[in-house]
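To start, the structure under review is shown below, and the notes come after it.
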Protein chains: 2
Amino acid sequence: MPTKKVNPKKDKNAETKIKDAARSVFHKKGFAATRTRDIAEEAGINLALLNYYFRSKEKLFQIIMKETMMQFMHSMVSNFNDTETTLNRKIELIADAYIDLMIAEPEIPLFILSEIRANINDFFDSMPLGKVLLNSTLVKQYKEAQAQGVIADLKPIQFIMNLMGLIVFPFVAAPMLKKIGDIEKEDYEKLMLQRKTLIPIWIESILQP
Amino acid sequence: MPTKKVNPKKDKNAETKIKDAARSVFHKKGFAATRTRDIAEEAGINLALLNYYFRSKEKLFQIIMKETMMQFMHSMVSNFNDTETTLNRKIELIADAYIDLMIAEPEIPLFILSEIRANINDFFDSMPLGKVLLNSTLVKQYKEAQAQGVIADLKPIQFIMNLMGLIVFPFVAAPMLKKIGDIEKEDYEKLMLQRKTLIPIWIESILQP
DNA sequence: GTCTATAACGTGATAGAC
DNA sequence: GTCTATCACGTTATAGAC
């Protein structure tokens with residue numbers, strides 16, 4: 001059995017190189033602004049190989065889009081439906097997981113929002129996200145807490161908007177906010193890490209009855 | 001002196017029709033995904049007229065982008081720098097103005113965020129938004145309140161992220177949130193109107209020391 | 001599997017008649 | 001000012017040699 005190579009870049013075959021490059025370029029520029037030549041160049045392969053392996057730009061994009069959505073939704077769905085954790089703890093875990101993900105891949109949220117708008121039905125047809133969130137354990141616990149009167153009377157969807165807005169918006173608007181605040185990348189990440197602990201506190205104070 | 005026509009669509013000349021169509025299509029699809037033929041069709045004019053009046057797609061886009069940024073920044077800068085209003089009142093006015101604007105033109109926030117990312121330096125070079133917000137009256141009042149210990153110790157930029165996130169995110173993510181919550185356009189607008197009064201309350205409770 | 005060369009197509013832009 | 005016809009170019013995709 002051959003030992004795994006140490007350098008992860010060196011032992012990648014052409015197909016993997018193309019996919020990785022495609023992910024990077026699509027995430028940064030979106031479908032329409034991306035040229036297949038950009039991807040080939042970034043991957044360091046011949047342009048014809050892209051079509052050889054993936055048939056078309058469209059098909060390659062669909063693969064990347066699907067994987068990216070899955071990656072983004074996965075921790076959401078699993079965190080939202082954990083039956084072992086309290087409401088407050090879930091909020092901590094969600095903030096933690098998403099901020100880590102977006103520090104690692106800051107292009108993802110704006111990519112998803114832009115491409116979903118361009119192609120709204122394609123994705124929701126193939127993944128019935130529809131009722132998943134509103135039937136989640138998190139929302140059940142939220143409604144229960146409301147019935148007990150321990151949190152404010154606020155629609156679940158408003159609560160989710162607040163939670164996601166506080167978590168995601170600073171990443172979606174990062175280029176603008178960095179300019180406004182004259183903040184370097186490393187300092188911006190520190191601000192985001194602070195928000196991991198602050199957001200659960202803020203959400204709690206918002207929900208005070 | 002000729003009386004103004006009643007129907008605003010009928011008396012528009014070709015140049016105005018093109019600009020209005022361009023704004024609409026660019027806002028919806030962004031620069032890269034927009035074809036000049038889309039604009040011409042939407043405007044109901046001949047494709048050649050677009051170049052006759054605006055020279056190029058690029059030039060036309062720059063005009064739209066500049067106007068849109070101005071529209072979006074205008075109420076921000078003026079509200080942020082009003083010396084007659086208290087901090088709490090400013091937050092109310094900002095939420096009110098922005099939610100009204102985005103109900104009227106829901107495509108604007110995602111358009112701006114996407115195109116700024118694609119073209120980050122072009123815009124901030126021509127409009128020195130840099131220090132405008134952090135030197136604003138609002139931020140001065142915010143710091144003053146902190147010095148007096150009446151609000152929590154939280155960096156101004158974090159405060160602005162929260163405020164903007166709570167206001168803007170539901171519009172940026174509207175297509176996704178509508179699907180998740182199974183919400184129609186009119187009901188979604190009602191939720192947004194509720195947030196006008198809720199956001200100032202939430203911000204206040206977040207800032208509780 | 002990988003390359004070069006080129007076909008096929010879409011899009012931005014213009015020439016020139018009216 | 002407005003139109004038709006067309007050019008010029010960039011981009012996606014493929015044929016065919018190796």
Side-chain angles (χ1 to χ4, degrees), chain A residues 2 5 7-67 111 114-115 117-119 122, chain B residues 2 5 7-68 111 114-115 118-119 122:
Chain A
K5 298 276 168 46
N7 185 331
K9 186 123 191 185
K10 274 227 166 123
D11 61 353
K12 281 197 291 191
N13 56 17
E15 186 171 356
T16 309
K17 280 194 279 187
I18 293 168
K19 225 172 93 172
D20 290 349
R23 179 163 27 245
S24 167
V25 179
F26 279 140
H27 282 185
K28 268 204 273 285
K29 314 215 289 182
F31 178 79
T34 296
R35 300 173 312 150
T36 52
R37 283 170 164 79
D38 298 334
I39 297 172
E41 198 179 335
E42 172 96 8
I45 53 95
N46 186 284
L47 175 55
L49 285 185
L50 191 151
N51 294 87
Y52 175 77
Y53 282 111
F54 296 98
R55 190 79 188 164
S56 73
K57 177 189 175 185
E58 181 79 32
K59 291 244 197 315
L60 177 53
F61 177 78
Q62 282 169 6
I63 291 170
I64 300 300
M65 183 70 197
K66 190 156 196 169
E67 286 188 6
F111 168 78
S114 300
E115 298 300 332
R117 177 183 55 162
N119 241 341
D122 296 12
Chain B
K5 298 277 169 45
N7 185 330
K9 185 125 192 182
K10 274 226 167 125
D11 60 354
K12 281 197 290 190
N13 57 16
E15 186 171 354
T16 310
K17 280 194 279 188
I18 294 169
K19 225 172 94 172
D20 290 349
R23 178 164 26 246
S24 168
V25 179
F26 279 140
H27 282 185
K28 267 204 273 287
K29 314 216 290 184
F31 178 78
T34 296
R35 301 174 310 149
T36 52
R37 284 169 168 80
D38 297 334
I39 297 172
E41 198 178 335
E42 172 95 7
I45 54 94
N46 187 283
L47 174 57
L49 284 185
L50 191 151
N51 294 86
Y52 175 77
Y53 281 112
F54 295 97
R55 189 78 189 167
S56 74
K57 177 188 176 185
E58 181 79 31
K59 290 244 196 317
L60 178 53
F61 177 77
Q62 282 168 4
I63 290 169
I64 300 299
M65 183 70 196
K66 190 154 195 171
E67 286 187 8
T68 304
F111 167 78
S114 301
E115 298 300 332
N119 242 340
D122 296 13

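Just so it is clear, the structure is predicted and the values come from calculations on it, not from any experiment. Chain letters run A, B, ... following the sequence lines, proteins first, then strands; residues in each count from 1.
When rounded to the nearest whole Å, the span between CG of B/N51 and P of C/dG16 equals 16 Å. The interatomic distance linking B/R55 (CZ) with C/dA13 (P) rounds to 10 Å, in whole Å. Protein atom CZ of A/R37 is 13 Å distant from nucleotide atom P of C/dT4, rounded to whole Å. Look at CG on B/L50: it is 11 Å from P on C/dT14, rounded to the nearest Å. D/dA13 atom C1' lies 13 Å from atom NZ of A/K59, rounded to whole Å. Distance A/L60 CG to D/dT12 C1': 13 Å, rounded to the nearest Å. The separation between A/I39 atom CD1 and D/dA13 atom P is 10 Å, rounded to whole Å.
Partners of B/A48 by side-chain contact (heavy atoms from CB on, under 4.5 Å), not counting sequence neighbours, listed by chain and number: B/N46. Among residues two or more places apart in sequence or in another chain, the salt bridge (Lys or Arg N to Asp or Glu O under 4.0 Å) test is passed with A/E41 by none. Evaluation of the salt bridge (Lys or Arg N to Asp or Glu O under 4.0 Å) rule for A/E15 yields no partner, not counting sequence neighbours. Listed by chain and number, the residues in a salt bridge (Lys or Arg N to Asp or Glu O under 4.0 Å) with A/K57 amount to none (sequence neighbours excluded). With sequence neighbours excluded, no residue satisfies side chain to side chain donor-acceptor pair (under 3.5 Å) with A/R117.
Residues from residues 23-31 of chain A placing a heavy atom under 4.0 Å of any atom in DNA chain D do not occur.
The distance from atom CD1 of B/I18 to atom CG of B/N51, rounded to the nearest 0.5 Å, is 9.0 Å.
For D/dT11, the OP1/OP2 oxygens have no side-chain nitrogen or oxygen of A/T36 closer than 4.0 Å.
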Using atom names, set out every protein N or O paired with an N or O of nucleotides 1-5 of chain D below 3.5 Å, distance rounded to 0.1 Å.
residue: D/dT2; atom: OP2; partner: B/Y53; partner atom: OH; Å: 2.7
residue: D/dC3; atom: OP2; partner: B/N46; partner atom: N; Å: 3.4
residue: D/dT4; atom: OP2; partner: B/N46; partner atom: ND2; Å: 3.2

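Sorted by first and then second residue, the pairs that involve residues 47-68 of chain B and meet ring-ring contact (aromatic ring centres under 6.0 Å, His included), not counting sequence neighbours, are B/F26-B/F61, B/F31-B/F61. Screening residues 21-33 of chain B for salt bridge (charged side-chain N to carboxylate O under 4.0 Å, His left out), with sequence neighbours left out, gives B/D20-B/R23, B/R23-B/E67, B/K29-B/D38.
Contact of the B/I39 side chain with the B/L60 side chain is registered, since non-hydrogen atoms from C-beta on lie closer than 4.5 Å.
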